[in-house]
Amino acid sequence: MKPIATPSPTFWNLIAKKYIAGDVADQATYERKLAQTQSLLKPEWSILEVGCGSGNTAMTHAPFVTQVTGIDFAHKMVEHAQSQAKARGIANVVFEHKGLDDLGTDQSYDAVLMLSVLHLQPDWKHAIRKAYALTSAGGVFISSTACIKDMSPMIAKLAPLFRAVPILPSLVSFTQDNLLDEMRSAGFEIEDYWRANPKDATFIVARKPA
Ligand SMILES: C[S@@+](CC[C@H](N)C(=O)[O-])C[C@H]1O[C@@H](n2cnc3c(N)ncnc32)[C@H](O)[C@@H]1O
C-alpha cells in the first residue's frame, strides 16, 4: 500500500515550539469534539492518533481506553509528547516517531484519529484507505479536516504551490462532499459529520462495518 506522494515533516519541526505553545483556536468546538470522541470510546479499546502533534488530545483520551498510540513524523512534536506523558505519569500512552506510511497494517485499532491531518497528505485518498486498513472491524475512524475548497477558493488555488515548496506544509484541497464520498468509497459508513460554521474544519465519525 504505497502513496503516490509523501508529505514532509520539515515545516512541522520548524514550527513545533510555537505550535505547542499556541492556544487552541476555538476551545468550545475542540471540547465538543473531545466529548463526542469520548462518548464512542470503550474501556477495552486501543486507539491510534496519527499526526498527534503535542500529544494533548491523545493524553486527554487516555483515561477512557486501555492503550493509546500517538505517532507523528515530526521528531520535535514526538519528543514533547513523550516528555509530557512522562511528567504527567500517563502510563497507557506511547508516542512514536513515525509517519503514516511507516505503519504496517498487521495491527489494527478500535479507533483511529486524524485531527487536522488529512488535508496535509498529498495523497489524501491513500491516507483514508490506510485509515480503513488500520481500523478494526466495527471500530471508528474519527477525523477533523479543513475542507479548503469550501473554506477558501483562493487558498485552494495556491495549494499546489505549497506542495512545490518543501519548507511549507503540503496542503491539498477538496470539499466536504469530496471527503465524505472518499470515505464511503473506502468502505466506511458515515455516522455523523458537522462543522461549527462553513469556514471550519469538518468533524467526521466514520465506522468500519463489523
Ligand atoms: C496541524 S498539526 C495537528 C496536530 C494535532 N493532531 C492537533 O490536532 O493539534 C499536523 C500534525 O500532523 C503531523 N503529520 C502530518 N502528516 C503526517 C504523516 N503523514 N504522518 C505522521 N504525522 C504527520 C505533523 O507533523 C503535525 O504534527
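It should be emphasised that the depicted structure is a prediction, and the values quoted were computed from it without experimental measurement. Starting from 1, each residue takes its place in the sequence as its number. Side chains are part of it too, since the values below use all heavy atoms of this structure and drop only hydrogens, waters and symmetry mates. Both ligands and their constituent atoms are indexed starting at 1 by order of listing.
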Heavy-atom nearest neighbour in the protein, as seen from atom 22 (N) of ligand 1, with distance rounded to 0.1 Å: Phe73 N, 3.2 Å
Under 3.5 Å side-chain donor-acceptor pair for Arg129 and Thr105: no
Residue among Asp26, Asp150, Asp200 satisfying salt bridge (Lys or Arg N to Asp or Glu O under 4.0 Å) with Arg195: Asp150
Region of Asp72 engaging ligand 1 - heavy atom pairs below 4.0 Å: both
Nearest protein heavy atom with distance in Å, relative to atom 3 (C) of ligand 1: Tyr19 OH, 3.2 Å
Atom of Thr175, atom of Lys149 and distance for their closest heavy-atom approach: CG2-CB, 3.7 Å
Shortest protein contact, atom 19 (N) of ligand 1 (heavy atom only): Gln121 OE1, 2.9 Å
Residue pair Gln176 / Trp194, side-chain donor-acceptor N/O under 3.5 Å: no
Side chain, backbone, both or neither: the part of Lys98 lying under 4.0 Å from ligand 1 by heavy atom: backbone
Cation-aromatic face contact Lys208/Phe188, 6.0 Å, 45 degrees: no
Donor on one side chain, acceptor on other, Gln36 and Asp192, under 3.5 Å: yes
Close approach, Val117 and ligand 1, non-hydrogen under 4.0 angstrom: yes
Protein heavy atom at shortest distance from atom 8 (O) of ligand 1: Leu115 O, 3.4 Å
Met114 heavy atom under 4.0 Å from ligand 1: no
Distance, nearest 0.5 Å, that separates SG of Cys52 from CE of Met77: 9.0 Å
Residue selection (non-hydrogen contact nearest atom 4 (C) of ligand 1) among Ala16, Gly51, Pro122, Ala81: Gly51
Top protein contact for atom 10 (C) of ligand 1, by heavy-atom distance: Ser116 O, 3.5 Å
Ligand-residue contact atoms, ligand 1 with Trp12, heavy atoms, under 4.0 Å: 1 (C), 2 (S), 24 (C), 25 (O), 26 (C)
Gln38 and His61: side chain donor to acceptor below 3.5 Å: yes
Which residue and heavy atom of the protein sit nearest atom 20 (N) of ligand 1, plus the separation: Leu100 N, 3.0 Å
Test item, Pro7 contacting ligand 1 (heavy atom, 4.0 angstrom): yes
